[in-house]
Amino acid sequence: MRALIQRSGSLSTRPLTRNIIPRSGNVGVRLLKRGYSQTPPKSNTKRDIPSFKNIFFMALVGTGIFVYAVDSLERSKRKTTFSDSEYASIMKGLKRRVTMFKPGELDVQLIYPNKKEINEKILSTITSDLVIDPFQVVEEFRTDPEGRYEAILNDIRDTCGEKEYIHNLPEKMLVSLIKDYIRRHCQIGQTVTIINFPTTMSDAMNFENDVSQIKQLYVPKSEKDSDICKYFETVDKVTFT
């Protein structure tokens, strides 16, 4: 061993511990910083729990939406029967609405659906500038290739048949067709008679709402208890045949 040391005269006799002493005195500080940065963040459990005010507000909003939905369903139900006072209220409301013809501009007479010979008998006793048959009105629009109703009317006719399709039109469509027909063929100051109309309460109300008030409705005595008869009887516009 001594011989080896003596032969390698370049072997350093300085202490070996010098090679492991760190060159920087900040190692401890870096270790502390590293340990501090790895500390898990504090829990925000208080923020995660909804407050009483938020819960109360959400409950109010939910209750409001529920009440609105129930109210909308109730108002969307169609009314099929009416009392005498309701008829009078409806008539007053219709008078306040804007129609195609103002009161007095067009005299409109309606003949409740009857047999052909009865209609002819009534027509012979009244004066009229124009007699309108709803079926002929619908046929005129159905056979008009340039008309906007042609396609749908032919589809309904193909489905329901030639004689019955007029009774299966979408709601308000018959009144819309009659309204357009009157606009084309009638003038202010004329007297118009519509036969076999109205057939439903909806048509009666929509006609007076959109087209014109009627002057007289001719109804057979057998229909005196019908809703349509009562509807016009409240304003003294019914003549029994």
Side-chain angles (χ1 to χ4, degrees), residues 90-154 156-157 162-163 165-220 223 226 228-229 231-241:
I90 291 171
M91 293 302 294
K92 290 179 181 178
L94 291 176
K95 290 179 181 180
R96 292 192 296 267
R97 297 178 182 178
V98 178
T99 58
M100 185 171 67
F101 291 95
K102 297 178 181 179
E105 290 184 343
L106 192 70
D107 287 340
V108 180
Q109 303 171 122
L110 306 180
I111 300 179
Y112 192 84
N114 275 311
K115 294 181 180 179
K116 182 179 179 180
E117 55 270 20
I118 297 177
N119 287 340
E120 291 177 349
K121 182 179 179 179
I122 297 173
L123 289 172
S124 65
T125 62
I126 61 178
T127 302
S128 182
D129 296 309
L130 179 67
V131 177
I132 299 176
D133 184 347
F135 182 78
Q136 294 178 358
V137 170
V138 176
E139 279 291 285
E140 179 175 311
F141 286 100
R142 184 187 67 81
T143 55
D144 181 6
E146 302 298 329
R148 56 177 177 172
Y149 300 106
E150 183 266 340
I152 186 173
L153 289 176
N154 277 298
I156 299 174
R157 184 176 183 269
E162 180 180 358
K163 295 182 179 180
Y165 85 98
I166 189 176
H167 303 299
N168 292 276
L169 300 179
E171 187 176 359
K172 296 185 178 181
M173 187 174 188
L174 180 58
V175 174
S176 296
L177 296 175
I178 294 175
K179 180 179 180 179
D180 287 350
Y181 185 89
I182 290 176
R183 184 186 289 111
R184 294 181 182 183
H185 299 281
C186 298
Q187 298 178 357
I188 294 176
Q190 288 186 324
T191 299
V192 178
T193 302
I194 306 176
I195 64 174
N196 298 324
F197 183 85
T199 57
T200 65
M201 274 293 301
S202 176
D203 285 345
M205 296 171 64
N206 288 325
F207 185 88
E208 286 215 312
N209 184 22
D210 297 335
V211 185
S212 173
Q213 294 182 21
I214 76 155
K215 181 179 180 180
Q216 203 68 24
L217 172 67
Y218 295 89
V219 184
E223 299 294 333
S226 66
I228 295 175
C229 181
Y231 176 75
F232 289 107
E233 200 172 18
T234 57
V235 288
D236 196 25
K237 291 185 177 180
V238 174
T239 298
F240 292 105
T241 60

Notebook entry, point to check: With a 4.5 Å heavy-atom cut-off, do Phe141 and Glu150 have their side chains touching?
Noted result: no

Note to self: Checking Met100 against Ile182 for the side chain to side chain contact (heavy atoms under 4.5 Å, CB included) test, could you report, in this order, the C-alpha distance in whole Å, the side-chain angles of both residues, the deciding distance, and whether it holds?
What the structure shows: CA-CA 10 Å; Met100 185 171 67; Ile182 290 176; 4.0 Å; yes

Checklist line | Test side-chain contact (heavy atoms from CB on, under 4.5 Å) applied to His167 - qualifying residues, sequence neighbours left out | finding: Glu164

Notebook entry, point to check: Are Leu217 and Ile111 close enough, and set up right, to give a side chain to side chain contact (heavy atoms under 4.5 Å, CB included), and what steps lead you there?
Noted result: CA-CA 6 Å; Leu217 172 67; Ile111 300 179; over 6 Å; no

Check: Does any pair with a residue in residues 105-138 pass ring pair (Phe, Tyr, Trp, His ring centres under 6.0 Å), and if so which ones, sequence neighbours excluded?
Finding: none

Notebook entry, point to check: Shortest non-hydrogen contact from Arg157 to Tyr165?
Noted result: CA-CB, 3.6 Å

Note to self: Once side chain to side chain donor-acceptor pair (under 3.5 Å) is applied, do any residues pair with Tyr218, and if so which ones, sequence neighbours excluded?
What the structure shows: none

Notebook entry, point to check: Pick from Ile195, Val137, Val108: which one makes a side chain to side chain contact (heavy atoms under 4.5 Å, CB included) with Ile132?
Noted result: Val137

Item checked: Leu174 CG to Thr199 OG1 distance, which is reported to the nearest 0.5 Å -> 6.5 Å

Checklist line | Spacing of CG belonging to Asn206 relative to CE belonging to Met201, to within rounding of 0.5 Å | finding: 10.0 Å

Note to self: According to ring-ring contact (aromatic ring centres under 6.0 Å, His included), who are the partners of Phe101, at least two apart in sequence or on a separate chain?
What the structure shows: none

Next item on the list: Could you check Lys172 against Asn209 for side chain to side chain contact (heavy atoms under 4.5 Å, CB included), going step by step and ending with a plain yes or no?
Entry: CA-CA 11 Å; Lys172 296 185 178 181; Asn209 184 22; over 6 Å; no

Next item on the list: Report the residues that fulfil salt bridge (charged side-chain N to carboxylate O under 4.0 Å, His left out) with Glu139, sequence neighbours left out, ordered by chain and then residue number.
Entry: Arg142

Checklist line | Asp133/Lys116 ion pair, N-O < 4.0 Å | finding: no

Next item on the list: Answer yes if the side chains of Tyr149 and Asp144 hold a donor-acceptor pair under 3.5 Å, and no otherwise.
Entry: no

Next item on the list: Say whether, by atom type as modelled, one donor and one acceptor occur between the side chain of Glu223 and the main chain of Pro220 under 3.5 angstrom.
Entry: no

Check: Atom CD1 of Ile194 and atom CD1 of Ile214: how far apart are they, to the nearest 0.5 Å?
Finding: 9.5 Å

Next item on the list: Enter the distance from Cys229:SG to Phe240:CZ here, rounded to the nearest 0.5 Å.
Entry: 4.0 Å

Margin query: Please enumerate all residues that pass side chain to side chain donor-acceptor pair (under 3.5 Å) together with Asn196, with sequence neighbours excluded.
Written below: Asn119

Next item on the list: Quick one: list whatever passes side-chain contact (heavy atoms from CB on, under 4.5 Å) with Ile118, sequence neighbours left out.
Entry: Asn114, Lys115, Ile122

Notebook entry, point to check: With side chains defined as the heavy atoms from C-beta onward, is the minimum distance between Pro134 and Leu177 less than 4.5 Å?
Noted result: no

Notebook entry, point to check: Any idea which heavy atoms bring Pro198 and Ile228 closest together, and the distance?
Noted result: O-CD1, 3.6 Å

Check: Is there side-chain contact between Gln216 and Leu110, with at least one heavy-atom pair below 4.5 Å?
Finding: no

Note to self: Test of understanding: with side chain to side chain donor-acceptor pair (under 3.5 Å), list the residues that count as partners of Thr241, not counting sequence neighbours.
What the structure shows: none

Next item on the list: Taking side-chain contact (heavy atoms from CB on, under 4.5 Å) as the test, write out the residues that go with Pro170, two or more places apart.
Entry: Ile152, Ile156, Met173

Under 3.5 Å, side-chain donor or acceptor atoms of residues 186-193 against the rest of the protein: list the pairs with distances, not counting sequence neighbours.
residue, atom, partner, partner atom, Å
Gln190, OE1, Gln187, N, 3.0
Thr193, OG1, Gln109, NE2, 2.9
Thr193, OG1, Ser128, OG, 3.1

Check: Testing Lys179, Lys215, Lys237 for salt bridge (Lys or Arg N to Asp or Glu O under 4.0 Å) with Glu208, which one passes?
Finding: Lys237

Margin query: Once rounded to the nearest 0.5 Å, what's the spacing between atom CD1 of Ile126 and atom CG of Asp107?
Written below: 11.0 Å

Check: Mind checking what makes salt bridge (charged side-chain N to carboxylate O under 4.0 Å, His left out) contact with Asp203, not counting sequence neighbours?
Finding: none

Margin query: According to ring pair (Phe, Tyr, Trp, His ring centres under 6.0 Å), does anything in residues 175-209 pair up with another residue at least two apart or in another chain? List the pairs.
Written below: Tyr181-His185, Phe197-Phe207

Next item on the list: Test Val175 against Val211 for side chain to side chain contact (heavy atoms under 4.5 Å, CB included), laying out the working first.
Entry: CA-CA 8 Å; Val175 174; Val211 185; 4.2 Å; yes

